[in-house]
Amino acid sequence: MSKVITPRAQDYSKWYNDIVVEAGLADHSAVRGCMVIKPHGYGIWEKIQQTLDKMFKDTGHVNAYFPLFIPKSLFEAEEKNAEGFAKECAVVTHYRLKNDPEHPGKLMVDPNAKLEEELVVRPTSEAIIWNTYRSWINSYRDLPILVNQWANVVRWEMRTRLFLRTAEFLWQEGHTAHATKEEAIEETRKMLGVYADFAENWLAVPVIRGVKTESERFAGADDTYCIEALMQDGKALQAGTSHFLGQNFAKAFDVKFAGQDGKLDYVWATSWGVSTRLMGALIMSHSDDNGLVIPPKLAPLQVVIVPIYKGMEGLQKVADAVAPMIEALKKQGVSVKFDDRDNQRPGWKFAEYELKGIPMRIAVGERDLTTGTVEVARRDTLSKEVVKMEDVVDYVVKTLDDIQSNLFHRAKARMEEKTMKVDTYEDFKRLLDEQPGFILAHWDGTAETEEKIKEETKATIRCIPLDAVEEEGKCIYSGKSSARRVLFARAY
RNA sequence: CGGGGUGUAGCGUAGUCCGGUCAUCGCGCCUGCUUUGGGAGCAGGAGGUCGCAAGUUCGAAUCUUGCCACCCCGACCA
């Protein structure tokens with residue numbers, strides 16, 4: 001077991017923090033609620049970005065970039081959106097500092113440099129983007145607009161957690177404009193599908209696709225679709241959202257287009273995003289008490305080769321022996337590193353790479369050179385196998401695939417095991433405490449009931465699953481009739 | 001915003017109640033030798049505005065006052 005990671009059973013929350021910090025993913029910074037994403041963490045984020053970016057391009061989207069600052073007057077234009085985010089906005093009021101006459105060597109805000117109009121640091125970019133779209137759109141021929149941006153946003157959260165909720169975070173936000181409601185809804189659902197595909201086939205995190213209830217909806221949306229994942233401790237994590245924005249922003253920013261019939265109408269909109277929070281989902285889905293576990297498809301480094309030797313000549317012998325293997329692995333598209341650092345011993349390196357979640361490790365000693373074998377270990381099961389040198393490339397390629405799918409199936413089995421159908425409020429409350437997880441239960445569809453349940457149990461309706469089957473039932477809280485089960489959980 | 005906690009070397013810490021060769025120990029770092037198949041051993045060495053500011057005192061990591069920062073729990077949360 002790791003010397004630096006708190007075991008999950010002892011303190012899950014501390015375990016999570018330890019993984020993030022000790023695996024070198026991120027650190028707390030000098031700024032409250034803001035983190036430094038370190039190279040290892042950023043390397044994973046870059047993989048996430050590259051993969052998603054290609055998926056967006058493949059579905060017809062292009063990238064653009066809009067300003068970090070939004071004039072307050074624009075920000076407040078879409079009332080619900082503004083109201084929803086107002087409580088957590090950072091605001092720029094001045095544009096200059098000057099020397100503080102009372103405290104030599106210190107600076108102060110220059111009171112003469114007050115901005116005419118305050119600038120809101122974007123918590124999300126609908127306002128600035130829709131204000132821009134007004135000038136991009138005149139006719140149905142200008143539609144659809146399928147734009148994505150990779151950016152940072154700021155939300156002044158009261159309480160933050162590394163990756164899961166930080167005051168500043170990195171994300172992508174897609175903002176599309178359409179001529180018809182149907183097309184916009186189709187786009188909303190299509191992007192939800194992209195997210196679900198990415199979550200399951202790259203992050204190896206199984207998700208439930210669904211629609212948010214009215215009270216959980218994005219501020220300014222007509223409908224919010226989401227993917228919900230379940231972490232090892234039985235708490236839910238919203239992993240991505242895709243919003244059908246109706247004509248709300250088009251109306252707020254007066255974005256109209258002339259149709260084929262010459263009539264003017266407001267444009268239909270969507271927006272969708274995933275953030276560095278996905279890192280949190282990745283960490284909490286797969287990692288163990290030894291450290292991080294990275295799905296091979298997103299690992300910046302997939303295979304590490306650790307030499308075991310005596311003296312520099314011994315190291316050289318091993319290096320010569322593995323050189324062809326490294327070349328062959330690279331040819332297969334496997335990222336591989338030969339760790340020839342002489343200042344750490346093999347055992348130390350083993351522990352280190354396990355902590356960092358590298359999917360596979362190959363140990364090669366002088367002993368192996370005589371037998372023509374190597375020892376290959378996989379991170380997900382921690383099992384080791386002796387493999388003939390000439391079979392290594394095939395074995396590694398196959399095993400990386402196997403780890404990827406094993407991680408997904410393991411997480412999926414866990415999610416299914418922790419998903420329960422419940423028909424009484426007593427069982428509901430008991431399960432939340434005794435076996436936390438997803439709970440499928442009947443709900444009468446009212447915001448009042450939803451709110452009461454939340455108050456009394458801290459569980460929220462994560463979503464109304466898209467694949468929910470029609471089923472007559474009675475609301476667990478009010479006893480009123482219900483047509484389908486919805487998904488409850490305590491959430492991050 | 002409420003409650004709790006922390007701030008001493010790169011990291012983790014002892015010392016604070018009771019002021020006086022107390023700046024302790026471990027990891028890490030540097031040098032050398034021996035080691036290397038699961039976080040090496042020995043020997044030597046370097047490294048400090050004790051969060052910041054003011055005060056009390058012959059003397060402050062330690063006492064007083066004020067301030068700052070971060071973490072954890074809760075409230076809050078597209």
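The chains referred to below are lettered A, B, ... by the order of the sequence lines, with proteins before strands, and numbering in each begins at 1.
A salt bridge does not link A:K190 with A:E186: none of the charged nitrogens is closer than 4.0 Å to a carboxylate oxygen. Checked for salt-bridge contact, A:R341 and A:D339 meet the test: a charged N lies under 4.0 Å from a carboxylate O.
Atom CD1 of A:I362 and atom C1' of B:rG38 are 17 Å apart (whole Å). Rounded to an integer number of Å, the gap from CG of A:N343 to C1' of B:rU34 is 17 Å.
Helical stems in RNA chain B, defined as runs of 3 or more consecutive Watson-Crick or G-U wobble pairs with donor-acceptor distances under 3.5 Å: B:1-7 with B:68-74, B:10-12 with B:25-27, B:29-34 with B:40-45, B:51-55 with B:63-67.
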Report all side-chain donor-acceptor pairs from residues 20-34 of chain A shorter than 3.5 Å, counting only partners two or more places apart or in another chain.
| from | atom 1 | to | atom 2 | distance (Å) |
| --- | --- | --- | --- | --- |
| A:S29 | OG | A:V31 | N | 3.0 |
| A:S29 | OG | A:V31 | O | 3.2 |
| A:S29 | OG | A:C34 | O | 2.5 |
| A:R32 | NH1 | A:M158 | O | 3.3 |
| A:R32 | NH2 | A:E157 | O | 2.8 |

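Among the nucleotides B:rG37, B:rC77, B:rG38, the one closest to any side-chain atom of A:D368 is B:rG37. When each of B:rG37, B:rG39, B:rC76 is scored by its nearest atom to the side-chain atoms of A:M158, the top-ranked nucleotide is B:rC76.
A:Q316 and A:Y309 form no side-chain donor-acceptor contact under 3.5 Å, judged by distance and modelled atom types alone. If you check the side chains of A:N248 and A:E78, you find no donor sitting under 3.5 Å from an acceptor.
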Check: protein-nucleotides 67-72 of chain B nitrogen or oxygen pairs below 3.5 Å:
| from | atom 1 | to | atom 2 | distance (Å) |
| --- | --- | --- | --- | --- |
| B:rC70 | OP1 | A:R32 | N | 2.5 |
| B:rC71 | OP1 | A:H28 | ND1 | 3.0 |
| B:rC72 | OP1 | A:N17 | ND2 | 3.1 |

Next item on the list: Check the pair A:F438 / A:F488 against ring-ring contact (aromatic ring centres under 6.0 Å, His included), numbers first and verdict last.
Entry: CA-CA 6 Å; A:F438 280 142; A:F488 285 92; over 10 Å; no
